[in-house]
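First comes the structure, then the notes that go with it.
One-based numbering along the sequence shown.
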Amino acid sequence: MGAGRQFVDERRYDYWREAVCYYFQPEPSAASEPEQFQVWAKALIAPRGELYTYASGAPTEGSEAISVRPDRGDEIDIGLVLAGIRYHESDGEPPHVAGPGDAFVCDSAQASRVRWTAHRGVHLRLVRAAVESALGGALPPAGVLAGELGKGRLWPFLRDHLSRLADEMSSLSRLERSLIMDQTVDLALAALRVVGSQWHGADPSAHGLFVIAHRFIAQHLGEPDLSVKRIARALGCSRATLYRLFAHHRLTVAAYIRERRMQWLYHLLLAADNRASWSALAERCGFRDLTNLPRRFRRRFGLTPSQLRERARRSLEAEHPV
């Protein structure tokens, strides 16, 4: 087990995408000028898992994304955003947006698209068998698991633990790092067991139905007429069953749909090549009544849609002055 170093030579971009960050393979249009990519990273490597803490600039220009290579399917990353914004979109799922203090999950077997702003983060890499054993079953979509993990009663403990470890990793002795790493893995697995027990504490088929509901919502998120009645009909269950299913996860169907639309809109507003108005983008995300949307958006993200678009524009101009 050992601490990593700061990567500042010509190999830093390749190291970052191959080792630290989920085995990225840049899309052809996304690999421009990697020598300008600035990053530092430190790692703890142990038999039960690997821990990475890092800071980086945005790895691509504008809104270009990076594809996760699905050839390392035995590894799952459980992470925490310390600063900046991270976007993760799996096939058939709307983007999952994680900001400071939020959990994220990366399943290396899922074909995904990931990008971020300049940011800091920390993640724990575990083998799939350990994660599935803790959950008591197969993994749901990464965004679903991240959302559930972030609402779990052990997440505040895991979040604070990861944050402190990221700050103090270099000051620990070899023995201390070994002990702390074991504690980190145990705490992460305990947090996953809480999520799994919540899923499996209801009807034995509830977890599968819950995942199917998430997928149906993701596939039809941009349709304004998406409703509880329509979802229940598609799933072959009653509306009462659907309400109970989401309530078991401390959610309402309407609030979940609204949050996923909010995250999708946030993602679109930051796309540098997107010239559509914020209202047009909101309609694409399925929002019908736009009157109160700026106020709700600001309450959720701290900025109105127009303010976020302007911040993204200024940031792009600062990174690529004319």
side-chain contact (heavy atoms from CB on, under 4.5 Å) involving S238 - partner list, sequence neighbours excluded
A240, T241
Does any donor atom in the side chain of Y54 or H119 lie under 3.5 Å from an acceptor atom in the other side chain?
no
R284/L268 under side chain to side chain contact (heavy atoms under 4.5 Å, CB included): CA gap, chis, key distance, verdict
CA-CA 10 Å; R284 184 192 304 180; L268 292 177; 3.9 Å; yes
Within the structure provided, determine whether H88 and V97 are in side-chain contact (heavy-atom separation under 4.5 Å).
no
For residues L245 and V253, determine if any side-chain heavy atom of one lies less than 4.5 Å from a side-chain heavy atom of the other.
no
Using side-chain hydrogen bond (donor to acceptor under 3.5 Å, both in side chains) as the criterion, list what pairs up with K151, not counting sequence neighbours.
E148
Check side-chain hydrogen bond (donor to acceptor under 3.5 Å, both in side chains) between S279 and all other residues, then give those that pass, not counting sequence neighbours.
S277
For R309 and W278, what are the C-alpha separation, side-chain angles and deciding distance, and is it a side chain to side chain contact (heavy atoms under 4.5 Å, CB included)?
CA-CA 8 Å; R309 169 61 64 78; W278 75 262; 5.7 Å; no
When every non-hydrogen atom of A276 is compared with those of L281, the smallest separation belongs to CB-CD2, 3.9 Å
Rounded to the nearest 0.5 Å, what separates atom NE2 in H96 from atom CG in L145?
9.5 Å
For A98 and A103, work out which heavy atoms get closest and say how close.
CB-O, 3.8 Å
Do E310 and L303 come close enough that some side-chain heavy atom pair is under 4.5 Å?
no
If you count every heavy atom of other residues, nucleotides or ligands that lies below 6.0 Å from R299 atom CZ, does the total exceed 12?
yes
Looking only at heavy atoms, what is the nearest atom pair of P294 and P305, with distance?
CA-CD, 3.7 Å
Contacts of D167 meeting side-chain contact (heavy atoms from CB on, under 4.5 Å) (sequence neighbours excluded), chain-then-number -> R120, S163
Under the 3.5 angstrom rule, does the side chain of R125 hit a backbone N or O of G49 as a donor-acceptor pair?
no
Side chains of L221 and C285: closer than 4.5 Å at any heavy-atom pair?
no
Who are the ring pair (Phe, Tyr, Trp, His ring centres under 6.0 Å) partners of F301, not counting sequence neighbours?
Y266, F297
Hits for side-chain contact (heavy atoms from CB on, under 4.5 Å) against A247, two or more places apart or cross-chain, chain-then-number order -> none
Report the C-alpha distance between I231 and L235 in whole Å, list the side-chain angles of each, state the deciding distance to 0.1 Å, and finish with yes or no for side chain to side chain contact (heavy atoms under 4.5 Å, CB included).
CA-CA 6 Å; I231 298 168; L235 269 59; 4.0 Å; yes
Spacing of CG belonging to D77 relative to OH belonging to Y52, to within rounding of 0.5 Å
8.5 Å
Apply side-chain hydrogen bond (donor to acceptor under 3.5 Å, both in side chains) to Q183 and list each qualifying residue two or more places apart in sequence or on a separate chain.
none
Applying salt bridge (Lys or Arg N to Asp or Glu O under 4.0 Å) to E283 and not counting sequence neighbours gives none
In this structure, would L135 and V127 fall into the same cluster of hydrophobic residues linked by side-chain contacts under 4.5 Å?
no
Please answer whether the main-chain N or O of I180 pairs with a side-chain N or O of T184 as donor and acceptor at a distance below 3.5 Å.
yes
Output all residues satisfying side-chain contact (heavy atoms from CB on, under 4.5 Å) with R164, sequence neighbours left out; order by chain, then residue number.
E168
Begin with the C-alpha distance, continue with both residues' side-chain angles, and end with the deciding distance and a verdict on ring-ring contact (aromatic ring centres under 6.0 Å, His included) for F157 and H161.
CA-CA 6 Å; F157 299 93; H161 182 88; over 10 Å; no
Rounded to the nearest 0.5 Å, how far does CZ of R48 lie from CG of D182?
5.0 Å
Sorted by first residue and then second, give each salt bridge (charged side-chain N to carboxylate O under 4.0 Å, His left out) pair with at least one member in residues 227-236; sequence neighbours left out.
E223-R230, D225-R230
Is any side-chain heavy atom of L165 less than 4.5 Å from a side-chain heavy atom of T53?
no
Output, in order, the C-alpha distance, side-chain angles, deciding distance and verdict of side chain to side chain contact (heavy atoms under 4.5 Å, CB included) for E132 and L139.
CA-CA 6 Å; E132 291 187 338; L139 267 73; 3.2 Å; yes
Without swapping roles, check the side chain of R177 against the backbone of L172 for a donor-acceptor pair under 3.5 Å.
yes
Measuring from atom CG of D186 to atom CG of L158, what distance do you get when rounded to the nearest 0.5 angstrom?
11.5 Å
R300: salt bridge (Lys or Arg N to Asp or Glu O under 4.0 Å) partners, not counting sequence neighbours
E259
Could you tell me if the side chain of V185 sits less than 4.5 Å from the side chain of L189, heavy atoms only?
yes
Return the CG to CD1 distance between L226 and I257, rounded to the nearest 0.5 Å.
4.0 Å
Would a distance-only check, ignoring hydrogens and angles, find a side-chain to backbone donor-acceptor pair under 3.5 Å from R261 to F287?
no
Is the shortest heavy-atom distance from the side chain of L293 to the side chain of D289 under 4.5 Å?
no
What is the distance from atom CD1 of I45 to atom CG of L51, rounded to the nearest 0.5 Å?
8.5 Å
State whether D102 and R159 are salt-bridged, where the test is any N-O pair (Lys NZ or Arg NE/NH1/NH2 against Asp/Glu carboxylate O) under 4.0 Å.
no
Does the side chain of T117 come within less than 4.5 Å of Y87's, by heavy atoms?
yes
How would you list, by chain and number, every residue that makes a side-chain hydrogen bond (donor to acceptor under 3.5 Å, both in side chains) with R239, sequence neighbours excluded?
none
Would you name the heavy atoms of W155 and G79 that are closest together and state the gap between them?
CH2-O, 3.8 Å
